[in-house]
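These figures come from a predicted structure and were not determined experimentally.
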Amino acid sequence: LYPPPAAPAWQAVPPTVHARYLGSIQPDLLAEHLVASVAEEMTGFLPGLLASTSSDQDRQALAVLARASVSRVSLAASVSEVLMSLPKLALPAVEAAMQSENPAPLVTALNGLAVEGALPTELLIGLSRAIPVSTQALASFAVTVGQMLVADYLADGTAEGYPAGLAPA
């Protein structure tokens, strides 16, 4: 038998399963302070780091940044700048905002991205689907995304051909 019966049950699970099943210890206060310190000292650190990460890594990084911005107010501006430079982070930001105890920096950044950035229709559709119907934290962002979708459909002249596309908007 492997492992021997004397070993605790958790040791019988291969290490790769532990990493996925248990994840990292949350909240990771040391990581929050480290990331906040580095982001404040090195301009361009966050966009450079998040330019080549996966969606799951983006969501976790944005959640850490949201938590860290509670104690470091200047970090909220960095989150907005990152979202403006990397619109691909909008979907993970919506997910992180819905799971965060402090979604304000992410919501502010998302609202800024929606107002300032010309987002592609595909991203707007994805955002519209990702935002929960009964959300209060993202309510203003949901309205802005809906208005932008309607404007895109009307500008393309495709609104009449795709009423289903306008339904969620």
Side-chain angles (χ1 to χ4, degrees), residues 10 13-146 148-149 152 168-169:
W10 64 269
V13 180
T16 56
V17 174
H18 284 300
R20 283 182 309 206
Y21 179 72
L22 299 176
S24 61
I25 297 173
Q26 297 294 331
D28 188 355
L29 299 176
L30 184 60
E32 291 171 20
H33 290 291
L34 175 63
V35 168
S37 297
V38 172
E40 288 173 345
E41 291 176 17
M42 297 175 57
T43 58
F45 169 73
L46 290 176
L49 177 70
L50 295 172
S52 60
T53 51
S54 71
S55 181
D56 287 340
Q57 292 169 328
D58 292 338
R59 185 178 18 78
Q60 186 174 6
L62 290 168
V64 168
L65 290 171
R67 282 194 307 267
S69 66
V70 171
S71 61
R72 307 258 180 129
V73 179
S74 63
L75 197 57
S78 298
V79 172
S80 292
E81 291 171 11
V82 167
L83 250 61
M84 291 299 288
S85 65
L86 297 169
K88 75 165 186 119
L89 297 176
L91 283 171
V94 166
E95 295 171 2
M98 296 311 303
Q99 298 172 355
S100 177
E101 65 186 39
N102 180 36
L106 296 173
V107 172
T108 302
L110 285 166
N111 284 327
L113 177 66
V115 170
E116 298 293 326
L119 301 176
T121 304
E122 297 80 21
L123 180 58
L124 290 171
I125 292 169
L127 288 169
S128 177
R129 291 180 180 155
I131 298 171
V133 175
S134 59
T135 180
Q136 290 184 357
L138 294 171
S140 62
F141 179 64
V143 169
T144 304
V145 167
M148 293 174 73
L149 264 175
D152 281 359

query = Is any side-chain heavy atom of Thr53 less than 4.5 Å from a side-chain heavy atom of Leu50?
reply = yes
Return the [atom1] to [atom2] distance between [X] and [Y], rounded to the nearest 0.5 Å.
X: Arg72; Y: Ser37; atom1: CZ; atom2: OG; value: 3.5 Å
X: Thr43; Y: Glu81; atom1: OG1; atom2: CD; value: 9.0 Å
X: Leu46; Y: Glu40; atom1: CG; atom2: CD; value: 10.0 Å
X: Leu89; Y: Leu83; atom1: CG; atom2: CG; value: 5.5 Å

Which heavy atom of [X] sits nearest to which heavy atom of [Y], and what is that distance?
X: Ala93; Y: Leu106; answer: O-CD1, 4.0 Å
X: Ala68; Y: Leu75; answer: CB-CD2, 3.5 Å
X: Val64; Y: Glu32; answer: CG1-CG, 3.8 Å
X: Ser69; Y: Ala66; answer: OG-O, 2.7 Å
X: Leu119; Y: Asp152; answer: O-OD2, 4.0 Å
X: Leu62; Y: Pro92; answer: CD1-C, 3.9 Å

Which of Leu149, Leu113, Leu138, Leu91 passes side chain to side chain contact (heavy atoms under 4.5 Å, CB included) with Leu127? Answer is Leu91
By salt bridge (charged side-chain N to carboxylate O under 4.0 Å, His left out), Glu95 pairs with (sequence neighbours left out) Arg59
I'd like to know if the side chain of Ser128 and the backbone of Leu124 have a donor-acceptor N/O pair within less than 3.5 Å.
no
Audit row: Glu101, Val70, side chain to side chain contact (heavy atoms under 4.5 Å, CB included) steps and yes/no: CA-CA 10 Å; Glu101 65 186 39; Val70 171; 5.8 Å; no
